Amino acid sequence: MSAAPPEHAAAAAPSQALWAHPHANREIVLRGVRVAYECRRSARRTLGLLAGPQGLSVRAPRGAAWADIEAFLQHKADWVLTQWRRLAERPRPAWPARSPALIEQARQRFAERVAHYAPLLGVAPVRLRVSDARTRWGSASSRGTIALNWRLVCLPPALLDYVVVHELAHLREMNHGPAFWALVAAVLPDYAQRRAALHRHPLR
């Protein structure tokens, strides 16, 4: 792997990773899965890993080279991905109660992500609607309306982005044929992994 940027430089946006720590400052691809992880340095002498509900954290000596840290992560890739799958498959608590303040948070977040991805797909939604559907994460109409379920703001950003891209792509292809999936893949090459992860978050 090529030389990594200094630690203070921003890593790739965590929202683009399938498993992202909220305080991520680095990103790596492990067995085809992008993981945005938090790296903390200290006076310790060895490298260590912590995998929890928030994501992956790396504990490293202050003088450890990035090449050594990344090689260590690649060596531990199977363990890291096993922890991710176990956490993803745990029973999840009930969705939070619907409230005007969550709805407003969802509306702002959705507008931000739609504004980011719409130009990449060459579409311009006419209307964005926050949905309270019990069986669908999102929908798109031939008239240009995009509906996104407010519960998406409770999911990892990578899954929200997948649903946004999925529905925006329907403004060009109102089906699930090869052309549709090609559009999605052009923007999110790892869409299949995100789609599989979304299935582990049932609405009901």
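These numbers come from a predicted model, not from an experiment.
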Next on the checklist: Under the criterion side chain to side chain contact (heavy atoms under 4.5 Å, CB included), I'd like the reasoning laid out for Arg129 against Arg107: C-alpha separation, chi angles, the key distance, then a yes or no.
Outcome noted: CA-CA 8 Å; Arg129 184 171 64 84; Arg107 191 182 310 279; over 6 Å; no
Next on the checklist: Arg113 vs Asp161, test: side chain to side chain contact (heavy atoms under 4.5 Å, CB included). Steps then yes/no.
Outcome noted: CA-CA 7 Å; Arg113 304 317 292 159; Asp161 282 2; 2.9 Å; yes
Checklist entry - Hey, mind stepping through Trp181 and His176 against side chain to side chain contact (heavy atoms under 4.5 Å, CB included) and telling me if it holds? => result CA-CA 7 Å; Trp181 292 114; His176 288 111; 3.8 Å; yes
Item to check | Arg41/Ile69 under side chain to side chain contact (heavy atoms under 4.5 Å, CB included): CA gap, chis, key distance, verdict | outcome: CA-CA 11 Å; Arg41 293 179 182 269; Ile69 294 173; 3.6 Å; yes
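Here the CZ atom belonging to Arg40 is positioned 10.0 Å from the OG atom belonging to Ser42, to the nearest 0.5 angstrom. How far OG of Ser131 is from CD1 of Ile146: 12.0 Å, rounded to the nearest 0.5 Å. Between the CG atom in Leu159 and the SG atom in Cys154 there is a gap of 12.0 Å [rounded to 0.5 Å]. Separating the NE2 atom in His170 from the OG atom in Ser141 is a distance of 11.5 Å, to the nearest 0.5 Å. The distance from the CG atom of Leu171 to the CZ atom of Arg143 is 14.0 Å, given to the nearest 0.5 Å. Here the CG atom belonging to Leu148 is positioned 5.0 Å from the CZ atom belonging to Phe110, to the nearest 0.5 angstrom.
The same ILVMFWY cluster, assembled from side-chain heavy atoms under 4.5 Å apart, contains both Tyr191 and Leu120. Leu30 and Trp79 fall within the same hydrophobic cluster, defined by Ile, Leu, Val, Met, Phe, Trp and Tyr side-chain heavy atoms under 4.5 Å apart, directly or through other members.
Among all heavy-atom pairs drawn from Trp150 and Val130, the shortest one is CB-CG1, 3.6 Å. A pairwise comparison of heavy atoms in Gly55 and His21 identifies C-CD2, 3.9 Å as the closest pair. Shortest non-hydrogen contact noted between Arg109 and Pro157 is NH2-CB, 4.0 Å. Across all non-hydrogen atoms, the minimal contact from Arg59 to Ser57 is NH1-CB, 3.2 Å. The two atoms that bring Arg172 and Gly122 nearest to each other are CD-O, 4.4 Å, heavy atoms only.
At a threshold of 4.5 Å between non-hydrogen side-chain atoms, the residues Val165 and Leu183 do not count as touching. Looking at His166 and Trp137, their side chains never come closer than 4.5 Å, going by heavy atoms from C-beta outward. The side-chain heavy atoms of Leu73 and Leu56, taken from C-beta on, include a pair separated by under 4.5 Å. Contact annotation: the side chain of Val114 approaches that of Pro125 to within less than 4.5 Å [non-hydrogen atoms, C-beta and beyond]. Residues Trp84 and Val35 are not in side-chain contact: their nearest non-hydrogen atoms beyond the backbone lie 4.5 Å or more apart. Considering only heavy atoms from C-beta on, Arg151 comes within 4.5 Å of Asp132 through its side chain.
For Arg136 (side chain) and Ala147 (main-chain N/O), no donor-acceptor pair under 3.5 Å exists by modelled atom type. In terms of modelled atom types and a separation under 3.5 Å, the side chain of Asp190 and the main chain of Val33 share no donor-acceptor contact. In this structure a side-chain-to-backbone donor-acceptor pair under 3.5 Å is missing from Arg194 to Tyr162. Put simply, the side chain of Thr82 gets close to the backbone of Asp78: a donor and an acceptor are under 3.5 Å apart. Not one N or O on the side chain of Gln108 forms a donor-acceptor pair closer than 3.5 Å with the backbone of Ile103. Asn149 places a side-chain N or O within donor-acceptor distance of the main-chain N or O of Ala133, the cut-off being under 3.5 Å.
The pair Arg26-Glu38 does not meet the salt-bridge criterion, since no charged nitrogen lies less than 4.0 angstrom from a carboxylate oxygen.
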Can I get a per-line list of side-chain donor-acceptor pairs under 3.5 Å for residues 43-52, giving both atom names and the distance, sequence neighbours left out?
from: Arg44; atom 1: NE; to: Thr46; atom 2: O; distance (Å): 2.5
from: Arg44; atom 1: NH2; to: Thr46; atom 2: O; distance (Å): 3.4
from: Arg44; atom 1: NH2; to: Thr46; atom 2: OG1; distance (Å): 3.4

